[in-house]
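Here is the structure we will look at.
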Amino acid sequence: MELDSIECMSYSDSMGDDDTDAVTSSQLPRPFLKSSSTAGTAAVNVVVVSDRVGAAGPVAGAGSLVISPATGVHELLECPVCTNSMYPPIHQCQNGHTLCSTCKTRVHNRCPTCRQELGDIRCLALEKVAESLELPCKYYSLGCSEVFPYYSKLKHESQCNFRPYNCPYAGSECSVVGDISFLVAHLRDDHKVDMHSGCTFNHRYVKSNPREVENATWMLTVFHCFGQYFCLHFEAFQLGMAPVYMAFLRFMGDENDARNYSYSLEVGANGRKMIWEGTPRSIRDSHRKVRDSHDGLIIQRNMALFFSGGERKELKLRVTGRIWKEQQNPDSGACIPNLFS
């Protein structure tokens with residue numbers, strides 16, 4: 001579904017085209033072992049121990065691994081098949097080669113290194129060594145300075161505020177990730193999204209045959225307001241058996257910061273109007289999740305045609321709105337810079 005025309009009449013000036021730099025990565029600091037009162041050597045002797053075979057202490061020779069805590073521990077815990085970090089249960093073959101439990105089924109119970117049968121041997125010593133590790137967050141290069149025990153690291157990284165954002169463009173599936181400044185440049189340069197400064201907007205949507213409502217979605221504009229970025233979405237889809245139009249705003253940042261802002265959307269004509277007020281959703285929530293929660297201005301087709309006037313043969317919707325900081329009065333006008341500029 002395509003709109004015949006989209007007119008964006010912003011009350012504000014367009015954004016500048018200042019270049020934004022992509023996220024650059026730097027080398028993470030090496031993992032380290034927790035200090036222990038019994039640790040007195042520069043190396044850690046790791047004996048490969050299974051739940052079949054016991055071991056009284058470090059032994060040299062086959063099945064014995066000597067690793068430096070500053071260099072080899074993290075590499076030792078890396079699965080040779082998927083290269084992800086291994087978590088219990090960590091499996092090993094009789095020759096001491098290890099791999100993660102997910103890959104054990106993928107290799108059909110055969111060691112990918114020596115082709116020996118894996119069986120059900122657990123590398124208990126390596127699991128124990130992992131317990132003594134403290135590692136920096138994988139998003140260290142993006143600003144996170146936290147350090148976590150090995151087994152707590154994954155949970156933190158799934159919620160880390162410094163983790164990259166997914167591209168919020170809703171017109172197609174986009175796998176690009178990055179920080180906010182990188183994504184703003186990506187939306188502008190790669191998706192050709194309209195950019196505007198200021199926190200008021202006025203859009204007019206025109207469709208020659210409104211009886212044909214298919215699932216369609218657009219992200220029409222990115223607004224730069226209060227030093228933050230907001231994405232305005234508009235789309236048409238079926239809600240049950242009823243065709244509807246929906247507009248909503250997303251905040252380019254985390255949910256906690258999104259709560260500092262509110263926005264309103266208004267549509268109307270012929271002496272009638274509909275107004276929606278709410279808090280913008282973070283782009284941490286996918287576009288589909290926001291749409292399916294109906295968290296925005298929803299206009300049924302019959303009402304949209306009524307607002308369009310005439311013989312109801314053409315859709316002409318004018319949606320206006322504004323963004324304000326929660327502690328400000330939205331009627332004060334304080335959040336409407338560059339009005340009619």
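Side chains are part of it too, since the values below use all heavy atoms of this structure and drop only hydrogens, waters and symmetry mates.
- Grouping the Ile, Leu, Val, Met, Phe, Trp and Tyr side chains by contacts below 4.5 angstrom, directly or via other members, places Phe148 apart from Tyr87.
- His196 and His224 are not linked by any side-chain donor-acceptor pair at a separation below 3.5 angstrom, with hydrogens and angles left out of the test.
- Residues Ile275 and Leu265 are members of separate hydrophobic clusters, defined by side-chain heavy-atom contacts under 4.5 angstrom among Ile, Leu, Val, Met, Phe, Trp and Tyr.
- Hydrophobic clustering, with ILVMFWY side chains joined whenever heavy atoms are under 4.5 angstrom apart, groups Met274 together with Ile298.
- By the 4.5 Å heavy-atom criterion applied to side chains, Val107 and Val81 are counted as neighbours.
- The side-chain heavy atoms of Pro164 and Leu142, taken from C-beta on, include a pair separated by under 4.5 Å.
- With rounding to the nearest 0.5 Å, the separation of CG in Leu76 from CD1 in Ile90 is 8.5 Å.
- Counting heavy atoms from C-beta on, the side chains of Arg318 and Asn202 come closer than 4.5 Å.
- Between Ile283 atom CD1 and Tyr165 atom OH the span is 6.5 Å, to the nearest 0.5 Å.
- In this structure the side chain of Phe306 reaches within 4.5 angstrom of the side chain of Arg272, judged on heavy atoms.
- Atoms CG and CG, from Asn161 and Asn256 in turn, are 7.0 Å apart once rounded to the nearest 0.5 Å.
- Once rounded to the nearest 0.5 Å, the distance linking CG of Asn109 with NZ of Lys104 reads 4.0 Å.
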Val193 vs Thr221, side-chain contact (heavy atoms from CB on, under 4.5 Å): CA-CA, chis, key distance, verdict: CA-CA 6 Å; Val193 171; Thr221 309; 5.7 Å; no
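- Considering all non-hydrogen atoms of both residues, Val290 and Met246 come closest at O-CE, 4.1 Å.
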Test side chain to side chain donor-acceptor pair (under 3.5 Å) applied to Asp179 and Ser181, step by step: CA-CA 6 Å; Asp179 63 9; Ser181 60; 3.3 Å; yes
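- Closest of all the heavy-atom pairs between Pro280 and Ala258 is O-CB, 3.5 Å.
- With rounding to the nearest 0.5 Å, the separation of CZ in Arg122 from OG in Ser101 is 9.0 Å.
- Between Glu78 and Ser85 the shortest side-chain heavy-atom distance does not fall below 4.5 Å.
- Formation of a donor-acceptor pair under 3.5 Å by the Thr98 side chain with backbone atoms of His91 is not found in this model.
- Between Ser293 atom OG and Arg288 atom CZ the span is 12.5 Å, to the nearest 0.5 Å.
- Side chains of Glu127 and Tyr151 form a contact here, defined as non-hydrogen atoms less than 4.5 Å apart.
- Using a 4.5 Å cut-off on side-chain heavy atoms (C-beta onward), Met252 and Pro168 make contact.
- Ring geometry, His186 versus Phe182: the interplanar angle falls under 30°, so the pair is classed parallel (tilted spans 30 to 60°).
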Step-by-step side chain to side chain donor-acceptor pair (under 3.5 Å) determination, Glu235 to His287: CA-CA 11 Å; Glu235 62 182 83; His287 163 267; 2.6 Å; yes
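- When side chains are defined from C-beta on, Pro80 counts as touching Leu99, because their heavy atoms get closer than 4.5 Å.
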Check against side chain to side chain donor-acceptor pair (under 3.5 Å), His233 and Arg250: CA-CA 8 Å; His233 296 266; Arg250 286 203 291 168; 3.2 Å; yes
Test log, rule side-chain contact (heavy atoms from CB on, under 4.5 Å), inputs Phe201 and Ile323: CA-CA 9 Å; Phe201 44 91; Ile323 308 164; 4.2 Å; yes
Check against side-chain contact (heavy atoms from CB on, under 4.5 Å), Arg204 and Leu317: CA-CA 5 Å; Arg204 184 169 178 259; Leu317 278 181; over 6 Å; no
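- Considering only residues two or more places apart in sequence or on other chains, Glu157 meets the salt bridge (charged side-chain N to carboxylate O under 4.0 Å, His left out) condition with Lys153.
- Closest heavy-atom contact between Ile121 and Cys93: CD1-C, 4.3 Å.
- Cluster membership for Tyr150 and Leu154, using ILVMFWY side-chain heavy atoms within less than 4.5 angstrom, is shared.
- Without hydrogens or angle criteria, Arg163 side chain to Cys160 main chain gives a donor-acceptor distance under 3.5 Å.
- Pairs engaging residues 253-268 under the salt bridge (charged side-chain N to carboxylate O under 4.0 Å, His left out) rule: Asp254-Arg284, Glu255-Arg259, Glu266-Lys273 [sequence neighbours left out].
- The minimum heavy-atom distance between Gly96 and Gln92, with the atom names listed, is CA-NE2, 4.1 Å.
- Centroid-to-centroid, the aromatic rings of Tyr139 and His156 stay 6.0 Å apart or farther.
- Here the side chain of Ser286 pairs a donor or acceptor atom with the backbone of Lys289 at under 3.5 angstrom.
- Of all heavy-atom pairs spanning Leu232 and His203, the tightest one is CD2-CD2, 3.2 Å.
- Cation-pi geometry between Arg291 and Phe237 is met: the NZ or CZ atom falls under 6.0 Å from the ring centre, inside 45° of the normal.
- Criterion: ILVMFWY side-chain heavy atoms under 4.5 Å apart, direct or through other members. Under it, Trp276 and Leu239 are part of a common hydrophobic cluster.
- In this structure, Phe251 has its ring center no closer than 6.0 Å to that of Tyr229.
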Criterion side-chain contact (heavy atoms from CB on, under 4.5 Å) on Leu133 and Leu77, from CA distance to verdict: CA-CA 11 Å; Leu133 281 178; Leu77 287 164; 3.2 Å; yes
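- Nearest heavy-atom pair, Cys100 versus Met86, reported as atom, atom and distance to 0.1 Å: N-SD, 3.5 Å.
- For the ring pair (Phe, Tyr, Trp, His ring centres under 6.0 Å) criterion with Phe230, the lone passing option out of Tyr263, Trp324, Phe223, Tyr261 is Tyr261.
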